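Notes to accompany the following structure.
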Amino acid sequence: MKPENYAIDVLLGHDHFQQFMYCYQQNKVYKCHFDAAAAEILTPADLEEIINTRRLSFPRCRLVRSGKPLSPAEYNERSHSAMGEGIIKLIPQRVMQEIDNGATLALDFAEDLSTTIRAVTESLSVFFQERTGATIFFSVGNEKGFTTHWDNSDTLIFQLSGKKKWHLYKPDFAFPVAENKSAMPVPDGTPSESFILNTNEFLYLPRGQWHAPEPCNSHSLHISFAFRRRNGIDFVKSVLPQLASYLPLRKDINKFADEEEQARYIETVRSVLDDIITTDNLNAFLASCQNRQFVAPPVLLQELIGRGNGESES
């Protein structure tokens, strides 16, 4: 497919895209079939080529079983390059053995390993105005790689080959961030929803959605495209540097102040915060978010061939 065909609205098709956007804005789970052949984005053969031709190391490339990463020493070894430099490389037989025994292969930053995956991540980044990353997951058999968890990001799951079962639990904490993890015990009991995601199907999980992926006697190859939406915490962080312009906040705090002096100090701090938490600063923050560069220009060596360097075109 051409790069423009990797846009989310093209992949899902008009009706599914409209339904997805409604759920996205409502922070709800959404599942559907792709309208286009999304499975072409990455095939098992493509993944094989990536693993066998790249120097991948832990933790970027890792094996996980029952929610815990396997020791990298179990499937990596020290070796030497052709020039004698020390390197760490995967042990193919051990990787295959661990996957066959139920481990899940996870490969982060996949957008740097495939021009096709990069095209999808860049398209998603531009559309959602948030930097997007891609992680590849591959498994076989029936053993769980990951246990019940939630992600600190919105996640778009593309099931590219095989199938995987998903168990979902009702969210019990609205819009959580990483700092809320200790206040969110893992749910037990019966999932609120369970289903199988088949080849060329799509699943959207909003940030904070409890989920437990589970193999179902089949191989599974999927990519998770994840991004984190800007929130109020990000806005407040963006204006904090302005506090340095205010003398009362630059001054040392009097550790020996009485309650009356402490109360005056708190009122001063509130006054400063009122001065910087404004709609003008909010609009400036939103503008800075939209002005971020999400698509990096590629290196195009072929454009240099014959360009004013005396090289003959004959």
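This chain uses plain numbering: 1 for the first residue, then up along the sequence. Since the model is a prediction, treat every value here as computed from it, not as a measurement.
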In terms of heavy-atom contacts, Gln19 and Tyr30 come closest through OE1-OH, 2.8 Å
> When hydrophobic residues are tied together by side-chain contacts of less than 4.5 Å, even through go-betweens, does Val177 share a cluster with Trp150?
Replying inline: no
hydrophobic_cluster_shared for Leu282 and Val272, side chain cutoff 4.5 Å: yes
| Does Arg62 reach the main-chain N or O of Pro59 with its side chain, forming a donor-acceptor pair under 3.5 Å? | yes
(Q) Working note: Leu203 + Val29, criterion side chain to side chain contact (heavy atoms under 4.5 Å, CB included); need CA distance, chi angles, decisive distance, verdict. (A) CA-CA 7 Å; Leu203 174 63; Val29 173; 3.8 Å; yes
Subject >> Hphob cluster co-occupancy, Val64 + Ile99, side-chain heavy atoms under 4.5 angstrom >> reply: no
Discussion item. Does Phe146 form a ring pair (Phe, Tyr, Trp, His ring centres under 6.0 Å) with Phe137? I'd like the steps, not just the answer.
Written reply: CA-CA 11 Å; Phe146 293 84; Phe137 296 92; 5.6 Å; yes
Interatomic distance, CG@Leu63 vs CD@Glu74, rounded to 0.5 Å, equals 10.0 Å
NZ of Lys164 to CD of Glu201, rounded to nearest 0.5 Å, is 14.5 Å
The single option from Tyr24, Phe128, Phe175 that satisfies side chain to side chain contact (heavy atoms under 4.5 Å, CB included) with Arg229 is Tyr24
Would you confirm whether the ring centroid of Phe17 sits within less than 6.0 angstrom of the ring centroid of Phe127?
yes
inquiry  = Looking at Asn283 and Thr279, would you say the former's side chain and the latter's main chain have a donor-acceptor pair under 3.5 Å?
reply    = yes
With a 4.0 Å cut-off, would you call Glu267 and Arg270 a salt bridge? yes
### Flag, side chain of Ser123 to backbone of Ala119, donor-acceptor distance under 3.5 Å
no
In this structure, would Phe227 and Phe294 fall into the same cluster of hydrophobic residues linked by side-chain contacts under 4.5 Å? no
Taken to the nearest 0.5 Å, the spacing of Phe34 CZ from Glu40 CD works out to 12.0 Å
Original post:
Do Phe225 and Thr155 pass the side chain to side chain contact (heavy atoms under 4.5 Å, CB included) test, and can you show the C-alpha distance, the side-chain angles, and the key distance before you say yes or no?
Top reply: CA-CA 6 Å; Phe225 296 94; Thr155 306; over 6 Å; no
| message | If you count heavy atoms of other groups shown closer than 6.0 angstrom to CE of Met184, is the number above 12? | response | yes
| Do Pro191 and Leu168 touch side chain to side chain, with heavy atoms closer than 4.5 Å? | no
**Item:** Side-chain donor-acceptor contact under 3.5 Å, His149 with His211
**Value:** yes
Under 3.5 Å side-chain donor-acceptor pair for Tyr265 and Asn254: no
Separation between NZ (Lys255) and CD (Gln262), nearest 0.5 Å, reads 12.0 Å
Taken to the nearest 0.5 Å, the spacing of Leu221 CG from Thr43 OG1 works out to 8.0 Å
(Q) If you define the side chain from C-beta out and look only at heavy atoms, does anything of Thr116 sit under 4.5 Å from Leu42? (A) no
In this structure, OG of Ser238 is separated from CG of Asn281 (nearest 0.5 Å) by 7.0 Å
**Request:** Can you establish whether the number of heavy atoms outside Gln26 located under 6.0 Å from its atom CD is more than 12?
**Result:** yes
Exercise. If you measure only the distance, is there a donor-acceptor pair under 3.5 Å linking the side chains of Ser220 and Gln159?
Worked result: yes
Review point. Does a side chain donor of either Asn291 or Ser288 reach within less than 3.5 Å of an acceptor in the other side chain?
Key: no
Does Asp188 CG have over 12 foreign heavy atoms under 6.0 Å away?
-> no
| Are the side chain of Thr132 and the backbone of Glu130 linked by a donor-acceptor contact shorter than 3.5 Å? | yes
Has the side chain of Asn52 got a donor or acceptor atom that lies under 3.5 Å from a matching backbone atom of Glu48?
yes
Smallest heavy-atom separation, Cys61 atom then Leu105 atom, equals SG-CD1, 3.7 Å
* Asked: Under 3.5 Å, is there a donor-acceptor pair between the side chain of Asn142 and the main chain of Asn217?
  -> yes
Exercise. Between the main-chain N or O of Ala110 and the side-chain N or O of Ser114, is there a donor-acceptor pair closer than 3.5 Å?
Worked result: no
Under the side chain to side chain contact (heavy atoms under 4.5 Å, CB included) rule, what do Asp9 and His14 come out as? Steps first, then yes or no, please.
CA-CA 6 Å; Asp9 57 332; His14 179 270; over 6 Å; no
Discussion item. Is there a side-chain contact between Ser153 and Arg207 in this structure, where contact means two heavy atoms from C-beta onward sitting under 4.5 Å apart?
Written reply: no
(message) Counting C-beta onward and ignoring hydrogens, is there a side-chain heavy-atom pair between Pro187 and Thr148 closer than 4.5 Å?
(response) yes
In Trp166, Phe202, Phe158, Phe138, the residue satisfying ring-ring contact (aromatic ring centres under 6.0 Å, His included) with His222 is Trp166
pair Phe58-Arg60: side-chain heavy atoms closer than 4.5 Å: no
Polar side chain donor-acceptor pair, Glu214 to His167, under 3.5 angstrom: yes
Next on the checklist: Are more than 12 heavy atoms, taken from residues, nucleotides or ligands other than Phe195, located less than 6.0 Å from that residue's CZ atom?
Outcome noted: yes
Taking every heavy atom of Leu160 against every heavy atom of Ala38, the minimum-distance pair comes out as CD2-O, 3.3 Å
Nearest heavy-atom contact between Thr199 and Ala39 is CG2-CB, 4.3 Å
request  = May I ask you to test the Asp35-Leu11 pair for a side-chain heavy-atom distance under 4.5 Å?
outcome  = no
When every non-hydrogen atom of Ala183 is compared with those of Phe173, the smallest separation belongs to CB-CE1, 4.2 Å
Residue pairs meeting side chain to side chain donor-acceptor pair (under 3.5 Å), one or both in residues 169-187, sequence neighbours left out, come to Asp172-Trp210
All heavy atoms of Thr121 vs all of Gly133, minimum pair found to be CG2-C, 4.4 Å
Q.
I'd like to check Leu113 versus Arg54 (side-chain heavy atoms, cut-off strictly below 4.5 Å). Are they in contact?
A. yes
Tested for salt bridge (Lys or Arg N to Asp or Glu O under 4.0 Å) against Arg228, the lone hit among Asp234, Asp151, Asp154 is Asp234
Item checked: Leu243 vs Leu273, side chain to side chain contact (heavy atoms under 4.5 Å, CB included): CA-CA, chis, key distance, verdict -> CA-CA 8 Å; Leu243 297 179; Leu273 293 178; 4.3 Å; yes
Assess whether atom CG of Leu240 is packed by more than 12 heavy atoms of other residues, nucleotides or ligands within 6.0 Å. yes
Q. Do Leu286 and Phe235 sit in the same hydrophobic cluster, where Ile, Leu, Val, Met, Phe, Trp and Tyr count as joined when their side-chain heavy atoms come under 4.5 Å apart?
A. yes
query = Does Arg292 use its side chain to pair, donor to acceptor, with the backbone of Gln129 at less than 3.5 Å?
reply = yes
Next item on the list: Applying salt bridge (Lys or Arg N to Asp or Glu O under 4.0 Å), run through Glu143 and Arg65 and close with a yes or a no.
Entry: CA-CA 8 Å; Glu143 187 164 347; Arg65 183 185 293 117; 3.6 Å; yes
Please tell me if the side chains of Lys165 and Leu197 come closer than 4.5 Å, counting only heavy atoms from C-beta onward.
no
